[in-house]
Engineer: 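Okay, here's the structure, questions in a sec.
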Amino acid sequence: TNYHVSLDITEPFGLSGLEFHLANLRLNVDNNAAAGSDDVGGLVGGVYYYHEVSPDLTFDFLGEYADFDNFEGTENLDVTFLTANLITRFNQVWNLTLGYSEENFDNNNGDAQVYLYQFSAGYFFPETSILSGLSAEIGYKKQNIGEIDADSSELNTAGILVRYIKEFSL
């Protein structure tokens, strides 16, 4: 039997800007699946919070945790994911984002972990500007990949993102 059950809660107890998401799933593997396959089970929980200190200072927080048994149908491969992001907007045009992401893999062949730290800052041109819809951001990312308690590789990345967004209707 396959199932997916989820619950979304918006502004519990009248707390403006707060949202929760909870989900549980079970996916059965086909009886003809290859050896080493097993049913997938998972539990996910997430939280989102928006807070406006003033029109010129806002915060968005997003956090999520997911735990899967027999990930992608692979027997004895248990995986957890953790994500947290904080976005700060000020003077309605500047933003600062801090992010963290972690993946943990647990199987019979040893444990592995991937984690990522990210930082970015940007500017959104206001609607009154001739450059309205254009934004520019700079960022830095540090990623570590490897087995727990063993050698791991580290990747450092810096970048610039320039994008243009134009809304339209058909």
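Numbers here simply count residues along the sequence, with the first being 1.
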Engineer: Could you measure the distance from the CG atom of Leu43 to the CG atom of Asp67? Nearest 0.5 Å is fine.
Structural biologist: 7.0 Å
Engineer: Does Arg163 reach the side chain of Phe124, with side-chain heavy atoms less than 4.5 Å apart?
Structural biologist: yes
Engineer: Take Asp8 and Glu19 through the side-chain contact (heavy atoms from CB on, under 4.5 Å) test and state the conclusion after the steps.
Structural biologist: CA-CA 7 Å; Asp8 292 308; Glu19 298 177 17; over 6 Å; no
Engineer: Search all heavy atoms of Leu18 against all heavy atoms of Pro12 and return the closest pair with its distance.
Structural biologist: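 Here Leu18 and Pro12 meet closest at O-CD, 3.6 Å.
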Engineer: If you round to the nearest 0.5 Å, how far is CZ of Phe105 from OG1 of Thr80?
Structural biologist: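 It comes to 8.5 Å.
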Engineer: Can you get from Tyr140 to Tyr123 by hopping between Ile, Leu, Val, Met, Phe, Trp and Tyr side chains that sit under 4.5 Å apart?
Structural biologist: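 The answer is no; the residues belong to distinct hydrophobic clusters.
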Engineer: Please report the interatomic distance CZ(Phe125) to OG(Ser135), rounded to the nearest 0.5 Å.
Structural biologist: 9.0 Å
Engineer: What I'd like to find out is whether the side chain of Leu62 reaches to under 4.5 Å of the side chain of Thr83, using heavy atoms alone.
Structural biologist: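 No, their side chains stay 4.5 Å or more apart.
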Engineer: For a 4.5 angstrom cut-off between non-hydrogen side-chain atoms, does Tyr115 reach Leu82?
Structural biologist: no
Engineer: Taking the inter-plane angle between the rings of Phe90 and Trp94 on a 0 to 90° scale, is it parallel (under 30°), tilted (30 to 60°) or perpendicular (over 60°)?
Structural biologist: parallel
Engineer: Which atom names give the shortest non-hydrogen contact between Glu11 and Gly17, and what distance separates them?
Structural biologist: OE2-N, 3.6 Å
Engineer: Nearest 0.5 angstrom please: Leu155 CG to Lys141 NZ, how far?
Structural biologist: 6.0 Å
Engineer: If you take all heavy atoms of Ser6 and His21, which pair is closest and at what distance?
Structural biologist: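 Scanning both residues, the minimum pair turns out to be CB-CE1, 3.9 Å.
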Engineer: Can you confirm whether more than 12 heavy atoms, excluding those of Leu15, are under 6.0 Å from its CG atom?
Structural biologist: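 More than 12 heavy atoms, drawn from other residues, nucleotides or ligands, come within 6.0 Å of this atom.
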Engineer: For Gly63 versus Phe61, what's the shortest heavy-atom pair and its separation?
Structural biologist: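 Gly63 and Phe61 have their closest heavy atoms at N-CE2, 3.8 Å.
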Engineer: With a 4.5 Å cut-off on side-chain heavy-atom distances among I, L, V, M, F, W and Y, is there a chain of contacts connecting Ile165 to Phe168?
Structural biologist: no
Engineer: Measure the shortest side-chain to side-chain distance between Gln118 and Thr97 over non-hydrogen atoms and say whether it is less than 4.5 angstrom.
Structural biologist: no
Engineer: Hey, is CG on Leu161 packed in by over 12 heavy atoms from elsewhere, all under 6.0 Å?
Structural biologist: yes
Engineer: To the nearest 0.5 Å, what is the distance between CG (Leu96) and CD (Glu137)?
Structural biologist: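 So the gap between those two atoms works out to 10.5 Å.
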Engineer: How far apart are the C-alpha atoms of Leu57 and Phe59, what are their side-chain angles, what is the distance that settles it, and do they pass the side-chain contact (heavy atoms from CB on, under 4.5 Å) test?
Structural biologist: CA-CA 7 Å; Leu57 180 61; Phe59 296 95; 4.0 Å; yes
Engineer: Passes side-chain contact (heavy atoms from CB on, under 4.5 Å), Tyr65 versus Glu102? Steps please.
Structural biologist: CA-CA 10 Å; Tyr65 178 80; Glu102 179 180 304; over 6 Å; no
Engineer: Mind telling me whether Tyr49 and His51 have parallel, tilted or perpendicular rings, with 30° and 60° as the class edges?
Structural biologist: parallel
Engineer: Give the ring-plane orientation class for Tyr100 versus Tyr117, where under 30° counts as parallel, over 60° as perpendicular and anything between as tilted.
Structural biologist: tilted
Engineer: Which distance, rounded to the nearest 0.5 Å, do you find between the CG of Leu7 and the CG of Asn24?
Structural biologist: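 Between atom CG of Leu7 and atom CG of Asn24 there are 12.0 Å.
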Engineer: Would Phe13 end up clustered with Tyr48 when hydrophobic side chains under 4.5 Å apart are linked, directly or stepwise?
Structural biologist: no
Engineer: So, for Glu127 and Ser132, which heavy atoms are closest and what is the spacing to 0.1 Å?
Structural biologist: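 That closest heavy-atom pairing would be CA-OG, 3.3 Å.
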Engineer: If I compare all heavy atoms of Ala23 with all of His4, which pair ends up nearest, and what's the gap?
Structural biologist: CB-NE2, 3.9 Å
Engineer: Applying the 4.5 Å side-chain criterion to the ILVMFWY set and letting contacts propagate, would Ile160 and Tyr164 be lumped into a single cluster?
Structural biologist: yes
Engineer: Quick check on the hydrophobic clustering: are Leu86 and Leu116 connected, directly or via other members, by side-chain heavy-atom contacts under 4.5 Å?
Structural biologist: no
